[in-house]
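Written below as structure tokens is the structure these notes are about.
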Protein chains: 2
Amino acid sequence: MNPKPLRADTERTVRAILEAAERVLSANPAAPMEQIAEAAGVARTTVHRRFASREALISALGAWAAQRFHEAVEAARPDTAPPTVALYQATVNVLRVKIGWGFAMGALPSDAPEVARVHDDVRAQCERLFVRLQDAGEIPTNADLDWLRRVYYALIHEAALEAPEGDAAIDALATRVIDTLLHGIGASQNS
Amino acid sequence: MNPKPLRADTERTVRAILEAAERVLSANPAAPMEQIAEAAGVARTTVHRRFASREALISALGAWAAQRFHEAVEAARPDTAPPTVALYQATVNVLRVKIGWGFAMGALPSDAPEVARVHDDVRAQCERLFVRLQDAGEIPTNADLDWLRRVYYALIHEAALEAPEGDAAIDALATRVIDTLLHGIGASQNS
DNA sequence: ATAACTTGCGTCATTCATGTTGCAAGTCAT
DNA sequence: ATGACTTGCAACATGAATGACGCAAGTTAT
């Protein structure tokens, strides 16, 4: 997909800029390019060299996050692994990405068709997984799958705000999300 | 609270501007004042006459929405009505406000202490209501009340995106929110 | 080692949003 | 009806963000 492999130099710079953009813009979506450059430890002109315009940077940020999102779901093998396992693994993986790239994933008006395509793909995978969960008897067959998916996204979004560090904490978070999704507030599940 | 009662003229203009700001900014938070003025059907200078700066307008918008939010919860008598009734009524009322003032309520970095105070008040009312629901046996006593409240907010936020018109639709939405909150995805409650 | 590339810095042009003011015409309250 | 207030319009001032250059110094790959 990349006809010309980037120089090691360049790649480091691009990554630094994207990470800085996530950090700065999540605090203030209207932050000027200069703040992003400063946070990335580069000159403002360098940002403009890598990303022609502010819009291009935002767009690239969205595409980058969408890619990580897609990888996170793929890694859970939602179409082949046992559905309850896949749901748990996908939750953990997506939580990780969302904690680090929350702005780029959520508060971004991504009008890019390429990004929309990835999100549609993930949505389709999510819905297939829910159907598999229904077949396994984990979800009632009369459940509204669209509402289910929206609640699932919303719970992940909410949980990611806690932004814990350790693996154990993220496991606990994922467990809580799935518990709440399937059984609502109340006693934790004893499976 | 208002030492000088506004002229009928002025009040209409102010309301039109606030409503336009909600509409325009929810579509594009960085929209220039001119777009807001246009949407309100007034000249740009008039907006500046009523609100000294952009920041002042945003702040007033947040304060206005916070007020409606507070009224919505108050009207449900959360401290005196039977807790399940209060929960339902508060959900319906807040959904109404949130549908019309979603931007001002949610996507607003309200640093104003006055607004923060109102939100804190509502949060306290919400938590008292949850305790009453625990006492009534509707919520397990081992529930994490903070997580519960955050999920409740998130579900209302998500439900409000459907933005239905009729009373019946909002009733259905509130029922779904509470059902999901208490029992998770699955068969609807048969109370 | 060398050729190609990248970066930082200073500089400049341009565009755009914001905020202000004065005045004529219209609206409101009493 | 009258005095006070509000609005639209046009014009102006200002500041900030964006984006583009060229050049000297440093880095990378082969």
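Quick note: numbers below take in every heavy atom, side chains included, and nothing from hydrogens, waters or symmetry partners. Chain naming here is simple, since letters A, B, ... match the order of the sequence lines and numbering starts at 1 in each.
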Working to the nearest 0.5 angstrom, can you tell me the gap between A/T45 OG1 and A/E34 CD? 10.0 Å
Per the under-4.0 Å heavy-atom filter, residues of residues 58-65 of chain A near DNA chain C come out as none
How many angstroms lie between CD1 in A/I178 and CG in A/L87, if you round to the nearest 0.5 Å? 4.0 Å
Spacing between A/H48 atom NE2 and C/dG10 atom C1', to the nearest angstrom: 16 Å
B/T46 side chain to B/V42 main-chain N or O, any donor-acceptor pair under 3.5 Å? no
Whichever of B/R49 and B/E55 has the more 5' nearest nucleotide on DNA chain C, that residue is B/E55
Interatomic distance, B/I139 atom CD1 to B/L145 atom CG [nearest 0.5 angstrom]: 7.0 Å
Overall bend - the helix from C/dA1-D/dT30 to C/dT30-D/dA1, comparing terminal axes fitted on five pairs, nearest 10 degrees: 60°
Extract all donor-acceptor atom pairs below 3.5 Å that involve side chains of residues 7-21 of chain A and protein atoms in other chains or at least two apart in sequence.
{"from": "A/R7", "atom 1": "NH2", "to": "A/D9", "atom 2": "OD2", "distance (Å)": "3.3"}
{"from": "A/T13", "atom 1": "OG1", "to": "A/D9", "atom 2": "O", "distance (Å)": "3.2"}

Check this for me, if you would: do B/E158 and A/R149 make a salt bridge, where the nitrogen-to-carboxylate-oxygen distance has to be below 4.0 angstrom? no
In Å, rounded to the nearest 0.5 Å, how long is the span from CG of B/L25 to CD1 of B/I36? 4.0 Å
Leading and trailing nucleotides of DNA chain D with any atom under 4.0 Å from heavy atoms of chain A: D/dA17 to D/dA29
Measure the shortest side-chain to side-chain distance between B/R176 and B/E162 over non-hydrogen atoms and say whether it is less than 4.5 angstrom. yes
Is any NZ, NE, NH1 or NH2 atom of the basic residue among A/D167 and A/R96 found under 4.0 Å from an Asp or Glu carboxylate oxygen of the other? yes
Note: contacts of residues 24-47 of chain B with DNA chain C (heavy atom, under 4.0 Å) are B/P32, B/M33, B/R44, B/T45
Would you say A/R68's side chain and A/V94's backbone share a donor-acceptor pair under 3.5 angstrom? no
Value in whole Å for how far the P atom of C/dG8 lies from CZ of A/R50: 10 Å
Determine whether the side chains of A/W147 and B/T180 contain a donor N or O and an acceptor N or O closer than 3.5 Å. yes
Indicate, with yes or no, if B/I185 and A/V131 share a hydrophobic cluster defined by side-chain heavy-atom contacts under 4.5 Å among Ile, Leu, Val, Met, Phe, Trp and Tyr. yes
Do B/R54 and B/M33 make a side-chain contact, defined as non-hydrogen atoms from C-beta onward lying under 4.5 Å apart? yes
Short question: side chain of B/Q134, backbone of B/P140 - any donor-acceptor pair under 3.5 Å? yes
Using a cut-off of 4.0 Å between protein heavy atoms and nucleotide atoms, how would you tag nucleotides 24-30 of chain C 5' to 3' with B, S and -? ---BSS-
Once rounded to the nearest 0.5 Å, what's the spacing between atom CG of A/D120 and atom CD of A/Q125? 11.5 Å
